Amino acid sequence: MVMPNTAGRPVEKNEFKQLRLEGVSRQFGGANALDQLSLTIERGEFIALLGPSGCGKSTALNCMAGLLPLSGGSIWLDQQRIDTLPPEKRGFGMVFQNYALFPHLTVSRNVGFGLKMRGVPAAEIDKRVAAALDTVQLQGHADKLPGQLSGGQQQRVAIARAIVIEPPLILMDEPLSNLDAKLRIEMRSEIRRIHRAQGCSTVYVTHDQDEALAMADRVVVMKLGVVQQVGTPQEVFARPATLDVARFMGYRNVLPARVLRSDGASVTVEGAGGVRLAGTAMQALAAGASVMVAVRPDEIAIAEGEHAFPGTVETAEYGGREWLLQVRTAFEDLLYVRSSRAVTPGDSVMLAAAPDRVLVYAGES
Amino acid sequence: MAGLATPASAAPHARPPLDPAVMLVAPAAAVMVMFFVYPFAYGLLLSFQPAQGGVLQNYIHFFQTRDLWQTIGNTLQLALPATLINVGFALAIAYATRVKSPYQRLLSTLLVVPLTLGTVLIAEGMLTYFGPRGWLAQALHWLNLYEGSIRLTHNYWGVLISLVITGFPFAYLLILSYITGIDPALPRAAATLGADGWNRFRYIYLPLLTPGLVMAFCLSFVQAFSVFPSAVLLGSPAGTTRVIAIAAYEAAFEQYDYSLASAVAMIMGLAQLAIVAAALGLRRLFYRGPVTGGKG
């Protein structure tokens, strides 16, 4: 049996510059789980694959790991083509959603498993395992079995197991989704801290946009196997490229309208009941085109303004710092508005939004 | 229901009244007692009441008569190899077919068919196919693979082959269920850590399967040890395949010495118990917990 540290030696983490996915496709039962995914990951980057269930993010991760074969395209590590290699030859670390800790091995044996497979001498294994357990702050648990640990501790063992082999790339498949909310937030900063300390490139799959925004250098938003947008968290949050991305990123108010005047990026649209809004065009739009207008609930204010329009508050939900209102306007759907002012249902209000926060997309006809 | 109300004057830690639903166990318990506990106890007592001599005369007679105590060795010589072969092959084939596919279903069905045939039918088939003039001998001669005579029936090999044919399906199904119970994420994780196929089997599957393999061994062994019709039809019941069940049969139905027969049966049970206890003792050395990889 060829061991990984002869001809097919896994790449050390400081040796590679780029992981490239070129036109990666995967079909499953006739449907496209992944459709022509192309992506370049630079050394040291933290990339988040974000999207709802079924968007192909886990499929992409498993294809990168070698656990799923590609139906088309290729994956390159610098000049070396790796999609033809089995997972044991790729040398990537992976953290699974349900941790996949070996139940019959102690924590230190779990963490040291990858090093053992690489033929690292026992003394060095002990040293590196101890260092990895230090990093994830699990000193003192080395001789326990996974079954004796809590969810958060198991999570950290899984991370230690992936980082101890010092791989060029770490793949994380929704590692925090099985933890409670408080632990999730703690582990989020932990993972970020470990990433900064270790410097391994990381691909992180999640359906939680807060996680992606907080942790990633770049976010890849996916839907139904197709990449919708690649950008920094700021770009994806403030300037979602498509209506789908906008909806996913929390632009809850999506209103149909028609373009009255178009002047480059600035557009004036008219919606139901003659309501006029000034907005920013996200695509090329001509006058008269039917469009969809997306606005975040926290970016509509109760205020006067040139394009303010009236509404009646239907429900007001108290959230501690602010109120979440549902407002009946001339539009068909209720508008979601976050307001720091206390209002009561039945109040009449005027709503306004800044033009650069009103995003206008070509309509779905 | 009157039974559920505890009077206020009862002692502070009085036993709660018996849940009437427990009585539902009664029919099964009665069957157990009637068909297992009572006959066993009856047989045990009977074995201590020989026609002549003291209480242990049957047992002494057994261990003094070569014709009798040799049967333990004969039976072990058949049962142990047959069980090891069955468990070994079942492990290999179950491991190879652990991924669900139509191929797996077809293979499973074929391998399990002998379960439906019964020992006597298999013995009959083997006499026809594996006998000196049977199909196998003729095929080998025709292919010029072997010119000598085939001696696979009426001897040790016939019984061994029949034990493998009848015992394999059971071991296979049992081990297959153990293997498919192992979380498939575990070998995947091992693969990402650099373990190739052999290492995944050696470090992940085998340790997690060992307790199950020991159980499969125990159950298959007990089945094989009680071999009887195969030993008579396919073996040489007066010679190398004189198994302990034959000794009990002869004592009961040829010599009409039910006391001796019961004693032989008890000794047979003890021999099986000893091997099973040893195997279960070995099992304690291994990890016996759940075979999944964590929460969620």
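Everything quoted here is computed from the prediction, not taken from an experiment. A note on names: the letters A, B, ... follow the listed sequences, proteins ahead of strands, and every chain is numbered from 1.
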Apply side chain to side chain contact (heavy atoms under 4.5 Å, CB included) to the pair A:Phe113 and B:Ile204, showing each step before the final yes or no.
CA-CA 11 Å; A:Phe113 188 81; B:Ile204 309 298; 4.1 Å; yes

Looking at [X], I want to see if its [atom1] is surrounded by more than 12 non-hydrogen atoms of other residues, nucleotides or ligands under 6.0 Å.
X        : atom1 : answer
A:Arg109 : CZ    : no
B:Phe201 : CZ    : yes
B:Arg105 : CZ    : no
B:Tyr129 : OH    : no

- Query: Quick one: what part of A:Leu145 sits under 4.5 Å from any heavy atom of chain B, side chain, backbone, both or neither?
  - Reply: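 For A:Leu145, the side chain is the part near chain B, not the backbone.
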
**Study point:** side chain to side chain contact (heavy atoms under 4.5 Å, CB included) between A:Phe96 and B:Asp183, intermediate numbers included
**Key:** CA-CA 12 Å; A:Phe96 291 79; B:Asp183 184 355; over 6 Å; no

Does B:Gly194 offer a backbone N or O that forms a donor-acceptor pair with the side chain of A:Arg90 under 3.5 Å?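 No; judged by distance alone, with no hydrogens or angles, the pair does not exist.
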
- prompt: Which heavy-atom pair separates A:Leu67 from B:Arg188 by the least distance, and what is that distance?
  reply: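 Heavy atoms of A:Leu67 and B:Arg188 come nearest at CD2-CG, 3.7 Å.
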
**Asked** Just how far is it from atom OH of B:Tyr203 to atom CE of A:Met117, taken to the nearest 0.5 Å?
**Response**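 Taking OH in B:Tyr203 and CE in A:Met117, the distance rounds to 5.0 Å.
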
Open item on the list: For a 4.5 angstrom cut-off between non-hydrogen side-chain atoms, does A:Pro103 reach B:Leu186?
Closed with: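 Contact flag for A:Pro103/B:Leu186 side chains = yes.
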
**Prompt:** So, do A:Phe92 and B:Thr192 sit near enough that their side-chain heavy atoms are less than 4.5 Å apart?
**Reply:**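 Of all side-chain heavy-atom pairs linking B:Thr192 with A:Phe92, none is under 4.5 Å.
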
For A:Glu88 and B:Arg200, what are the C-alpha separation, side-chain angles and deciding distance, and is it a side chain to side chain contact (heavy atoms under 4.5 Å, CB included)?
CA-CA 10 Å; A:Glu88 53 265 22; B:Arg200 293 198 289 269; 3.2 Å; yes

